Amino acid sequence: MVEIWHADERGEYDNDGYRWRAYQLTDDAGRWGFDTILTQHYSFRTAHYHIRVQPRGGEVLTTQLYFPDHPRNHGDRLFDPRLVMALDDDRSTGRFDFVVPSL
């Protein structure tokens with residue numbers, strides 16, 4: 001299972017209606033994908049997606065994914081360059097491969 005949540009295009013979270021939150025199960029090869037908006041930065045945080053990954057019967061990995069070259073990356077104390085997504089040339093598709101233990 002993969003879960004994603006993030007702020008909207010103004011950098012605001014919807015904590016009442018819970019928009020911009022979803023989860024899905026991977027296919028048999030462990031692939032998954034979401035169509036969503038390009039989230040924005042807010043306060044002291046750079047733009048990011050929250051992600052939870054849980055293999056069947058395994059422990060939950062909770063992390064964040066970041067955008068390459070975002071101007072606020074280096075000012076965000078939580079930013080981790082190991083968690084930067086690869087974006088295609090037109091920046092419309094991001095990719096990040098998680099490696100989690102399987103049972």
Side-chain angles (χ1 to χ4, degrees):
M1 182 187 72
V2 180
E3 181 180 359
I4 184 173
W5 71 98
H6 57 80
D8 65 15
E9 63 277 353
R10 294 180 309 276
E12 298 174 4
Y13 285 95
D14 178 5
N15 291 320
D16 294 320
Y18 298 105
R19 292 179 56 230
W20 308 120
R21 297 169 189 252
Y23 76 91
Q24 65 180 233
L25 301 178
T26 65
D27 67 13
D28 290 338
R31 294 179 299 229
W32 57 277
F34 291 100
D35 290 328
T36 191
I37 64 165
L38 179 62
T39 186
Q40 292 298 314
H41 62 272
Y42 59 89
S43 180
F44 65 92
R45 296 302 320 275
T46 191
H48 60 280
Y49 294 127
H50 297 269
I51 301 285
R52 280 191 193 135
V53 178
Q54 183 176 22
R56 184 171 292 133
E59 293 187 29
V60 175
L61 167 68
T62 304
T63 191
Q64 298 177 21
L65 296 179
Y66 301 98
F67 297 87
D69 304 320
H70 192 281
R72 292 193 176 210
N73 283 351
H74 297 293
D76 185 334
R77 64 180 177 80
L78 299 176
F79 172 75
D80 185 334
R82 298 172 298 175
L83 298 172
V84 172
M85 294 178 286
L87 298 181
D88 63 6
D89 289 340
D90 70 358
R91 300 178 68 87
S92 66
T93 302
R95 178 184 176 120
F96 192 89
D97 293 326
F98 291 94
V99 179
V100 293
S102 61
L103 298 178

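Everything quoted here is computed from the prediction, not taken from an experiment.
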Exercise: identify the closest heavy-atom pair between P55 and P101: CG-O, 3.5 Å
Main-chain N/O of W20 paired with D8 side-chain donor or acceptor, under 3.5 Å: no
F79/Y66 under side chain to side chain contact (heavy atoms under 4.5 Å, CB included): CA gap, chis, key distance, verdict: CA-CA 7 Å; F79 172 75; Y66 301 98; 3.6 Å; yes
Side-chain donor or acceptor of R72 paired with backbone N/O of S43 under 3.5 Å: yes
From CD (Q64) to CD1 (I4), nearest 0.5 Å: 11.5 Å
Euclidean distance, L38 CG relative to H6 NE2, rounded to 0.5 Å: 9.5 Å
No-hydrogen, no-angle side-chain donor-acceptor test under 3.5 Å, T46 and H41: no
Sub-4.5 Å side-chain heavy-atom contact between L61 and E59: no
Same apolar cluster (I L V M F W Y, side chains within < 4.5 Å links), M85/W32: yes
Any Q40 side-chain heavy atom under 4.5 Å of Y42 side chain: no
Side-chain heavy-atom pair V60, V53 within 4.5 angstrom cut-off: no
Side-chain heavy-atom pair I51, F98 within 4.5 angstrom cut-off: yes
Side chain to side chain, R45 and L78, heavy atoms closer than 4.5 Å: yes
Nearest non-hydrogen partners of H50 and Y13, listed with the distance: NE2-OH, 2.8 Å
Note, Y49 side chain near T36 side chain (heavy atom, < 4.5 Å): yes
Connected via hydrophobic side-chain network under 4.5 Å: F34 and L83: yes
Pair D97 + R95: basic N to acidic O under 4.0 Å: yes
OG1-NE2 distance between T39 and H48, expressed to the nearest 0.5 angstrom: 7.0 Å
Residues, nucleotides or ligands: over 12 heavy atoms within 6.0 Å of D90 CG: yes
Separation between OG1 of T62 and CD of Q54, rounded to the nearest 0.5 Å: 9.0 Å
N15 atom CG, over 12 foreign heavy atoms within 6.0 Å: yes
H74/D76 under side chain to side chain contact (heavy atoms under 4.5 Å, CB included): CA gap, chis, key distance, verdict: CA-CA 6 Å; H74 297 293; D76 185 334; over 6 Å; no
pair Y23-V2: side-chain heavy atoms closer than 4.5 Å: no
Smallest separation among heavy atoms of Q24 and G33, with atom names: NE2-O, 2.9 Å
Minimal non-hydrogen separation, F96 against V84, with atom names: CD1-O, 3.8 Å
